[in-house]
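One structure below.
Naming: A, B, ... by sequence-line order, numbering from 1 per chain.
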Amino acid sequence: MEQTIAPSEMLLHLGPQHAIQPGPYLLDLKLRGETVVDAELEMGYIHKGIEKILENKTYFQGITITDRICYLAALTNNEVFCNCVEKLVGIEPPQRAQYIRVIMEELSRIQSHLLGIGEFSTDLGFVTMFLYMIREREEVLSLIDMVTGSRITHSYLRFGGVREDLPEDFAERAMSVLNEIKKKLDEHEDLYNTDKIYLQRTVGVGVLTAKIASDLGVSGPPLRAAGVAFDIRKNEPYLVYNDLDFKVCTEKEGDIFARIKVRLDEIRESIYIIEQAFDQIPQGPLFPVGTPYGRRTPVMRVPAGEVFCRVEDPRGEMGMYMISDGSDKPYRVKIRGPVFPTMQALPPLIKGTYVADVAAIAASMDGCTSEADR
Amino acid sequence: MMSIVEFLFNPWVRGILGLALIGIIFFSAVITVWLERKFGADIQSRIGPNRVGGRFGLLQLIADAIKLFTKEDLIPAKADKLLFVMAPIVILGSAFMMIVAIPFGAIVIGDNSYPIAATEFDISVLYLEAVSALSVLGIFMAAYGSNNKYSMLAAFRNIARMIGYEVPLGISIIGIAVMVQSLNIVEIAQAQSPLWFIFVQPIGFAVFFISILADMGRLPFDQNEAEEELVAGWGTEYTGMRWGLGLFAEYIHMILGSCLMVLLYFGGWNLPKFITDIYVIGMFAPIYWFIAKVVVVVMTIIMIRWALPRFRIDQVVDLGWKVLFPLSVLNLLWAVALGLFFGA
Amino acid sequence: MTGVIDSYIPVAIFFIVALITPPVMMFIVHQLSPRSKAERKLTTYECGSVPIGEARIQFNVEYYLYAIAFVLFDVEVLFLYPWAMVYINHGITAIATVEMFLFIVVVLMGYLYLWKKEALKWVK
Amino acid sequence: MVGILEFIVFVLISILTIGFSILVVTARDIVRAALSLVATLVSVAGVYVLLNAQFIGIVQILVYVGGIGVLILFAVMLTTQELKGDSDVE
């Protein structure tokens with residue numbers, strides 16, 4: 001952005017510490033009256049050096065670190081890391097472990113989307129919806145807590161399996177919670193679809209076209225809301241997603257309304273996936289039989305090689321590139337997170353809109369700064 | 001007996017006694033802050049303030065007051081100190097000046113009813129409208145004084161909203177005045193004793209309600225304090241009590257707006273004669289009746305706040321000019337027709 | 001002690017009280033609140049960044065036409081107030097009503113003209 | 001007694017009016033000047049009320065403060081402000 005400011009223009013910083021943000025980033029706006037003339041995004045305020053830390057920890061210790069990439073998607077981040085290591089080692093988790101992973105990751109997706117929609121609602125001044133969403137998210141977190149023992153950073157996945165088996169009556173309890181959420185979700189969606197003010201604020205605002213989205217590498221709900229049916233679970237299935245029936249939720253418009261709609265639909269799809277997974281889940285071991293991998297794998301050496309894995313994060317395509325030199329620590333880890341490209345779509349989107357829309361658009365992208373900065 | 005009444009009607013005595021109303025309204029503003037939190041919490045299925053103690057977290061009020069009084073008072077280095085200091089005075093002054101003209105119920109003795117108001121004059125409705133518009137200037141002063149970009153944006157939004165809603169508000173009030181042929185708020189309230197004006201002029205009420213919500217800056221219309229983009233609006237640079245004064249002014253505006261609504265559309269304090277004839281209880285019954293109505297209106301406003309998302313500023317102004325203005329003119333014609341039919 | 005002006009005495013009293021209250025409050029606050037000196041504390045808040053440029057800019061009021069229209073209509077509305085007081089029971093009902101009807105029609109024509117000319121648009 | 005009181009109030013309002021109007025022309029910050037103008041107009045409203053012309057007084061506030069005042073502020077904000085520099089505006 002040009003630093004020269006006309007006398008009638010105002011250079012406004014939104015951030016690094018601002019209410020619209022899930023984490024610190026800087027959005028410089030050049031305003032003419034209420035209109036955003038130009039925008040610039042600056043990131044990196046909470047760079048934690050996770051890639052570098054991963055290179056200095058043993059593989060096993062790395063699992064805990066990957067929890068910290070994004071506090072809303074700890075399970076999928078575990079998944080991509082474990083996937084890489086499993087591919088390098090050449091093992092595959094047994095069926096039961098895979099189903100458990102699917103269940104847990106879909107639960108994680110549900111809670112992440114609920115929070116995303118809720119946070120977006122606050123940015124429209126709709127605080128009540130945020131609290132409703134949080135209330136339902138708490139239930140889902142409790143479910144995850146029942147299995148993993150923690151609410152945010154689970155460290156639940158292990159190479160070749162999962163740490164704990166599901167509790168005995170987990171399926172019934174989970175389904176009762178999820179059915180309740182499904183019912184409430186219908187109510188909420190009804191509200192979203194009929195509220196005149198909400199529609200005025202969201203329909204046709206912040207349109208992300210498929211072209212811009214794919215040019216910038218945006219993935220996840222923002223991309224699907226633009227009409228591109230891209231979902232790693234379908235396009236490049238991992239775990240047992242091949243055996244499960246679900247559809248990729250897409251919308252055509254690409255505006256804020258569509259993005260929220262996609263998230264709401266995806267929550268329903270996730271519930272459907274979990275339902276099937278509970279039906280199909282077989283009995284069996286949690287770790288591949290006859291291998292040394294289990295709950296505790298103190299020191300393991302991974303054969304030299306390189307691998308790229310990707311999974312579908314709640315926010316889009318989460319990829320990890322890993323090089324192993326045969327030692328007990330990865331030689332190089334590169335994370336391709338979904339949020340960084342998503343955030344890059346912000347400046348072109350908010351150019352020409354009003355200041356009030358900036359908050360709505362930024363929140364509808366559901367960025368997680370923690371993950372973008374890593 | 002008459003001498004006491006005469007004494008009480010001496011304007012000096014009335015004015016000084018009326019100052020008690022400021023205290024009462026200030027206190028009810030504090031209560032409203034609490035009510036907003038607690039009722040909001042109920043709507044959102046959570047508990048609300050409960051940590052400080054007291055039944056229903058009532059001690060939270062005292063804690064808040066202590067906090068406001070003991071916070072350091074900062075004036076930013078880049079501020080225009082005079083405007084910065086004057087702004088809360090103007091904002092609060094606008095609220096105080098409104099209190100003068102609003103009757104808060106009445107005491108009925110025999111056939112006479114004595115409205116509880118600091119004063120009573122012929123054009124009090126117009127006066128209220130004029131004085132409440134002053135707070136916009138106060139907010140502009142605060143914004144310009146604090147030299148903060150968010151505040152400036154907020155102040156301009158505030159002005160834009162005011163120019164969008166002042167005209168429909170005025171026309172809907174004329175709709176009332178046409179029926180009563182008076183701008184005296186006491187007479188308007190008393191004219192509704194058989195039939196509330198909300199039933200006579202539903203369109204006018206809708207216009208008035210939306211306009212006064214916008215005037216108060218309550219949620220679908222609180223663009224000037226949209227914390228998601230403008231942090232804290234005009235009050236971004238204000239700390240402690242200086243900000244608190246503005247906050248109280250806002251809540252006082254809300255209460256007074258509700259009072260105005262009750263007086264103009266919900267029949268004021270009027271009760272059937274057989275109730276006011278009951279000795280002592282009947283004397284004060286209109287006050288309770290009035291307060292009950294005001295509480296209902298305030299609760300409704302709070303509920304609306306928690307139930308709706310926020311408009312964007314251009315949509316707000318559009319609503320005012322393109323929907324409410326024609327509606328208010330329509331209502332005026334309807335009111336004139338009614339006035340001619342019944343008045344002539 | 002009679003006269004319309006007397007009913008404004010309480011207004012004057014309230015006006016003085018409104019002027020006095022905030023300074024008194026601030027005086028109490030100054031007695032109670034802590035004082036500490038730090039330069040950075042007095043800088044302008046802008047989400048933790050150093051502000052670039054002034055806030056007091058030549059603000060682009062895109063909607064100034066609204067403001068002009070507002071002044072016009074505000075004054076026109078004011079003409080209606082005295083009329084509303086007297087149009088009945090003063091022997092001028094018929095002519096007053098017709099005249100006011102004409103007035104409102106003229107005002108509405110102006111309003112429609114504004115709308116047609118797209119003056120009632122936020123950004124042109 | 002009323003006469004004296006009215007006189008005192010009149011003198012007070014006149015002083016306010018004159019004081020603010022002097023500020024209008026001497027203030028170097030243009031927004032301050034505009035706000036002083038608004039304050040002058042409000043004091044004039046006081047004079048009207050004192051003259052028993054309450055309606056005009058309140059119309060004065062409604063039109064000049066609510067309408068014209070805002071318009072003037074808009075106009076002022078649209079100008080380039082090179083006149084800054086009141087003693088405590090730094």
Side-chain angles (χ1 to χ4, degrees), chain B residues 11-12 75-87 89-90 93-94 97 101 119-147 152-153 155-156 158-167 169-170 173 183-184 215, chain D residues 1-2 5-6 9 16 19-20 23 26-46 48-50 52-79 81 83-90:
Chain B
W12 292 96
I75 298 179
K78 278 194 158 183
D80 182 336
K81 291 188 185 55
L82 183 70
L83 293 186
F84 190 84
V85 171
M86 286 302 288
I89 300 181
V90 175
S94 144
M97 298 291 277
T119 187
E120 207 184 304
F121 46 90
D122 288 344
I123 44 173
S124 39
V125 180
L126 203 57
Y127 166 84
L128 287 170
E129 207 190 327
V131 171
S132 78
L134 282 178
S135 69
V136 175
L137 274 181
I139 286 171
F140 182 83
M141 282 165 74
Y144 190 79
S146 55
N147 195 3
M152 283 305 262
L153 282 171
F156 276 102
N158 211 40
I159 292 177
R161 202 180 55 202
M162 193 272 279
I163 60 182
Y165 285 82
E166 205 70 3
V167 176
L169 186 72
I173 287 176
L183 284 173
N184 187 337
D215 221 38
Chain D
M1 183 209 160
V2 175
L5 189 76
E6 268 190 27
V9 174
L16 274 182
F20 278 125
L23 267 180
T26 54
R28 275 190 288 173
D29 186 34
I30 192 161
V31 172
R32 272 194 183 190
L35 287 170
S36 312
L37 180 61
V38 171
T40 313
L41 296 169
V42 173
S43 337
V44 171
Y48 282 135
V49 172
L50 213 58
N52 245 339
Q54 288 92 0
F55 184 73
I56 301 291
I58 283 162
V59 165
Q60 170 90 2
I61 294 182
L62 207 59
V63 171
Y64 280 90
V65 178
I68 310 275
V70 165
L71 203 61
I72 289 173
L73 281 178
F74 272 15
V76 161
M77 292 311 288
L78 282 166
T79 57
Q81 295 163 45
L83 297 160
K84 256 176 227 149
D86 276 333
S87 55
D88 53 0
V89 185
E90 286 304 328

Open item on the list: side-chain contact (heavy atoms from CB on, under 4.5 Å) for B:Asp122 and D:Gln54? Distances and angles first, verdict last.
Closed with: CA-CA 9 Å; B:Asp122 288 344; D:Gln54 288 92 0; over 6 Å; no

Task: Contact leader toward chain B among D:Val70, D:Val59, D:Leu62, D:Val38, where contacts are heavy-atom pairs under 4.5 Å - done: D:Leu62

Task: Residue D:Val63 versus chain B: region with a heavy atom under 4.5 Å - done: neither

TODO: Determine whether more than 12 heavy atoms belonging to other residues, nucleotides or ligands lie under 6.0 Å from atom OH of D:Tyr64.
DONE: no

- [ ] Please tell me if the side chains of D:Leu35 and B:Met86 come closer than 4.5 Å, counting only heavy atoms from C-beta onward.
- [x] no

TODO: Could you tell me which portion of B:Ile159 (side chain, backbone, both or neither) has an atom closer than 4.5 angstrom to a non-hydrogen atom of chain D?
DONE: side chain

Open item on the list: Just so I know, are the side chains of B:Leu126 and D:Phe55 near enough to count as touching, which here means a heavy-atom distance under 4.5 Å?
Closed with: yes

TODO: Mind listing the closest non-hydrogen atom pair of D:Arg32 and B:Leu82 along with its distance?
DONE: NH2-CB, 3.5 Å

TODO: Could you tell me which portion of B:Met162 (side chain, backbone, both or neither) has an atom closer than 4.5 angstrom to a non-hydrogen atom of chain D?
DONE: side chain

Open item on the list: How long is the straight-line distance from CE of B:Met141 back to CG of D:Leu73, given to the nearest 0.5 Å?
Closed with: 10.5 Å

